[in-house]
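Below you'll find the structure, written out as structure tokens, and then a few comments.
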Amino acid sequence: MSELETPFRYDAAFADVIERKWQTWWQEHDSFLTRNPGDAGFDVSKPKFYVMDMFPYPSGAGLHVGHPVGYIGTDIVARAKRMRGFNVLHPMGWDAFGLPAEQYAVQTGVHPRHTTSSAIETFRKQLKRFGFSYDWSREFATIDPEYVRFTQWIWLQCWNAWFDESTGKARPISQLTQQFETGTRRVELSGNITKLWSECNASERRAAIDNMRLTYLGEQLVNWCPKLGTVLANEEVIDGKSERGGFPVVRQPLKQWMFRITKYANRLLDDLKLVDWPESTRTQQSEWIGRSQGAEIHFTVHDSAGATNHVGDATPDVIEQLSVFTTRPDTLFGATYMVIAPEHPLVKVAIERAKPDARKEITEYVAAARRRSDMERQSDSKVKTGVCTGLFATNPATGANIAIWTADYVLLNYGTGAIMAVPAHDQRDYEFATAFNLPIRVVVLPARDTARHGTVLGEQNSASTLTGGAIQTESVYGGEGIVCASSNAEVSFDGLTTAVAKEKIIEWLQRRGIGNKRVNFRLRDWLFSRQRYWGEPFPVVFAPDGLPYAISESALPVRLPELEDFKPTESDTPRPLLGKAVDWINTTAGQAGVSSADLPANTPVRREANTMPNWAGSCWYYLRFCDPKNTTRFVSVAAEKYWMGEHGVDLYVGGSEHAVLHLLYARFWHKVLFDLGHVTTPEPFAKLFHQGMITSFAYQRPDSSLAPADSVEEISDGVFKEKSTGQSVKQVIAKMSKSLKNVVNPDDVIANFGADTFRLYEMSMGPLEASKPWNTRDIAGSFRFLQRAWRLAVDERTGELLLATRPNEAIEKLLHRATKKVGEDIDRLAFNTAIATLIEVVNAATRSTTLTSAADGGLTRDQLIRFVKLLAPFAPHFAEEIWHKLGCADALATASWPTVNAALLVDDEVELAVQLCGKVKMRLLVPSSADAAAVERMALADPAVIEMLSGKKPKKVIVVPGRLVNIVA
RNA sequence: GCCGGUGUGGCGGAAUUGGCAGACGCGAUGGACUCAAAAUCCAUUGCCCCUCGCGGGGCGUGAAGGUUCGAUUCCUUUCACCGGCACCA
């Protein structure tokens, strides 16, 4: 009945109609088509703004309410920037290679291409329903052959480049060859031998070059599951068994492509200061890179525990050298034993030399350590395990004979895979030493305890009393201080501060030729091979001699072969799935596209059967968006220069889970491209922002297990009971998950309220960066706001505009304030407060309107135009509908943002709080022009203030103009 | 264990640079309109106390201290929750 009376009411069905109408209209009018420099209609005079989302991996499950959070945020920014006169690049695409599609193919036989393209269809359709202002003409997926072609091209750029340490930059391999040929650089062979290029044979020359390329073949341990026939990620391995199926997993070496990202460690670290990123993300990256300064020290290893207590005394049989990296060379005199990683080559030597019992013990320990995943080895930090190798080393400072142990708390891939253990000054070494009764020697005293002397402590950690004073060793002193007990016949470092001692000891080590200064990074080279089907093939083949040859650029892209069956085969040795494509693997150099200058065309070759990881496609997609249709270059020079500008992408929004890997890998590729002159900015992303997670309510039972949302009912406000048992449960916040039945589908929400309401709701939930619980009950607030705004502007009975004939002064002021506030809030991505401001405008204007005299209240035509512009970035369909009702023919998208009249931002009078000793007692109206002295006079003259003071003399009066007066009496 | 983050009404949150704590929304309560309901509009809504009422007072931003005329904001200690993760030598 009411629907008959108000056919133009803003309800879900009406929202659906206008939203689809304007989405079609925008598409037909190319409203969001972005022109590149050189295109017809490109406006050179406008500044650029490149705002981008982290593109999604389209999963079969479709969009989740968490996906749009960031997309709505960037869309608001994109729309506001357009209205402020920027050329805006706002693209969307698909990260489309990935494991889920391949696993689905294993189960069903459906080709990943089909799974992926139907998931893309779903995602695109769902995203389009939100009315995002993407330039859909730039859409692409990382699986598109033209995109793969340039992903492979970038890999070839790395193949054809080397890192020149002298300039700290990548350069083309041709320049390296030139240096060799002219003799400016000698060829380094193993064992510190160098040769001239002319003295080298062909294979030495080839090795010299291959050893310098940014991408190289390296042997790496992988978690191979013979039964599943696949390599597993660390997280997929539990207790040495596969997560799926519980089959045994072995760590096996495998030759794979690597990137020399470590060459860029310094630049990746230093350039973090060039970008406007969240501090926490920059910290995470810099900790991941993990630069630490210290020394490398070489110890001599022998297999006798023979007494060699003095420097230069008896020289036992020296077997090997053992190098360690330490950040605390100043504690060398305190090194009372050494530990090597179970995978360290020296362990093999120890096993060979050990007696049968010991040999068994060591072998078993190493085997056990190898079975444990990295995660496991690193998580239980309390219990230290290890075995003595039977080998000994000489501490070069004390001359002492110290035992070499192996323990899994030392990792092979950090530093040299070996440490000198200083139990008095390192927590882990201390725990290990006390567990195995190893000696502890104090060599650093906190600065204020310099009167004490250090010496070798007893075996136990219990307060060891020493001559000259007690040094408590229940607590390890890991800080800096004053060196003690650090003298030998040659030198003394006693009394020096930690910083000075470090320098002096390194000098001494260098003089003796047994150590040097070294910077170490935690960052490791990037393993870039996967034994999967659904990834980019490498543009490389192997000749009969086993050496790799690059496929020439003109032969790109290398396409994946068709496969019928995606099931991996059981195997004891790791092998890539693509090995099944026998006909594809075996080809000739000519067919594969290797230049005949490198290999004769009829040479039989084998294709690389590994594929690239998921990261490859996401490493450079922001560049492709600048010029996605280019068939001759990965991006045109002009488009890259214009859209990337001086600092790169102006705003990049995505989840903080990508804080390290994706964002570090993309920076690395970008820097390589920068060094080779293909891009113009040193960094890809100027400003980064992480949107928060959308969580959901979950219900916790008294035993803290969680009950599915659909099994719980709300008895009264905030009181929940489980339906089946009647047990009361507590409402808590949890991640959305299928098992908890608390996943919200955005399609349902849009069907019930419309896309504009959805956008407003997600943006008003709280700060964009915060994680927030979805609460369906609250959506009504955003919906009612739009309904109220609609009624303010439009007669629900007739559909005609309701316009005031004269402006209300208070509303005019409010509108100017709102214009300023909304603009500023969009700039700082504070959309929740911007929306609150818009609500205030509507509420104020609504209140001044009575139902019968519309013409006197509400907004004037001019005010409504401005209001609709402010609302447009948030609720674009709604705004566009009213905009066109107002008689405007062009798209609201490019209308100009309203200007603020500064004069209307100030009031004649302001209300100040009057405080007595910091407590608000009353309020006082003063002219806003009054200065501090005048305000003080007025306040003290106010009768209420005089009464409040009751004769007391004010000691001090603080006036904060426009805010408050504080009288201290 | 370490690092990072967050704690503000019944709920989501606001307070941008040390200056009136609780904007805005949800929920709740009362009223108007209606035969009635929905919708809408109006009012109230941090907690506690005094008061028939008008009013008035106290407490209050996880907890305890500190700095300051003044602290949600700065400092110290501490608790809880969330996220990440390394035994990094």
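Reminder, nothing fancy here: chain letters follow the sequence lines and each chain counts from 1.
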Lys/Arg N to Asp/Glu carboxylate O, A/Arg328 vs A/Asp426, below 4.0 Å: no
Selection from B/C26, B/C88, B/C69 that lies nearest to any side-chain heavy atom of A/Arg428: B/C88
Nearest-Å distance for atom pair CZ/C1', residues A/Arg963 and B/C69: 17 Å
Check: A/Asp778 side chain, B/C26 base, donor-acceptor under 3.5 Å: no
From B/U40, B/A89, B/G13, pick the nucleotide closest to the side chain of A/Arg784? B/U40
From CZ of A/Phe697 across to C1' of B/G12 the rounded distance in Å is 8 Å
I want to verify a distance call: between B/C69, B/G4, B/A89, whose nearest atom is closest to the A/Ser280 side chain? B/G4
Round to a whole Å and report the spacing from NE2 of A/His690 to C1' of B/G4. 12 Å
Nearest whole Å is fine: how far is B/A39 P from A/Phe14 CZ? 21 Å
Which part of the nucleic acid does A/Asn966 contact within heavy-atom distance under 4.0 Å: base, sugar-phosphate only, or nothing? base
Give none if B/C85 has no partner; otherwise give the nucleotide forming a Watson-Crick or G-U wobble pair with it, both distances under 3.5 Å. B/G1
Calculate the interatomic distance between A/Asp426 atom CG and B/G1 atom P; express it in whole Å. 18 Å
When rounded to whole Å, the CZ to P distance for the pair A/Phe783 and B/U40 reads 10 Å
Crowded around A/Lys820 NZ? As in, over 12 foreign heavy atoms under 6.0 Å? no
Out of B/A86, B/G27, B/G13, minimum distance to the side chain of A/Leu411 belongs to B/A86
Expressed in angstrom and rounded to an integer, what is the separation of A/Met922 atom CE from B/G55 atom P? 17 Å
Would you measure the distance from the C1' atom in B/A43 across to the matching atom in B/U78 and give it in whole Å? 44 Å
Check this for me, if you would: do A/Glu279 and A/Arg282 make a salt bridge, where the nitrogen-to-carboxylate-oxygen distance has to be below 4.0 angstrom? yes
Assess A/Arg9 against A/Trp790: is NZ or CZ under 6.0 Å from the centre of the six-membered ring, and within 45 degrees of the ring's axis? no
Sort me out a list of protein N/O and nucleotides 14-16 of chain B N/O pairs below 3.5 Å, or just none if empty.
from, atom 1, to, atom 2, distance (Å)
B/A14, OP1, A/Asn832, ND2, 3.1
B/U16, O4, A/Lys821, NZ, 2.0

Polar contact flag, side-chain donor to acceptor under 3.5 angstrom, A/Thr776-A/Trp774: yes
Start at the 5' end of RNA chain B and walk down; is the nucleotide closest to A/Ile839 or to A/Gly417 reached first? A/Ile839
Can you measure A/Ile694 atom CD1 to B/C82 atom P for me and round it to whole angstrom units? 19 Å
Can you tell me how far P in B/G66 sits from the matching atom in B/G55, rounded to whole Å? 38 Å
Quick one: classify the glycosidic conformation of B/G9 as syn or anti, with syn meaning within 90° of 0. syn
Kindly say whether A/Phe14 contributes a backbone atom to a donor-acceptor pair with the side chain of A/Asp11 at under 3.5 angstrom? yes
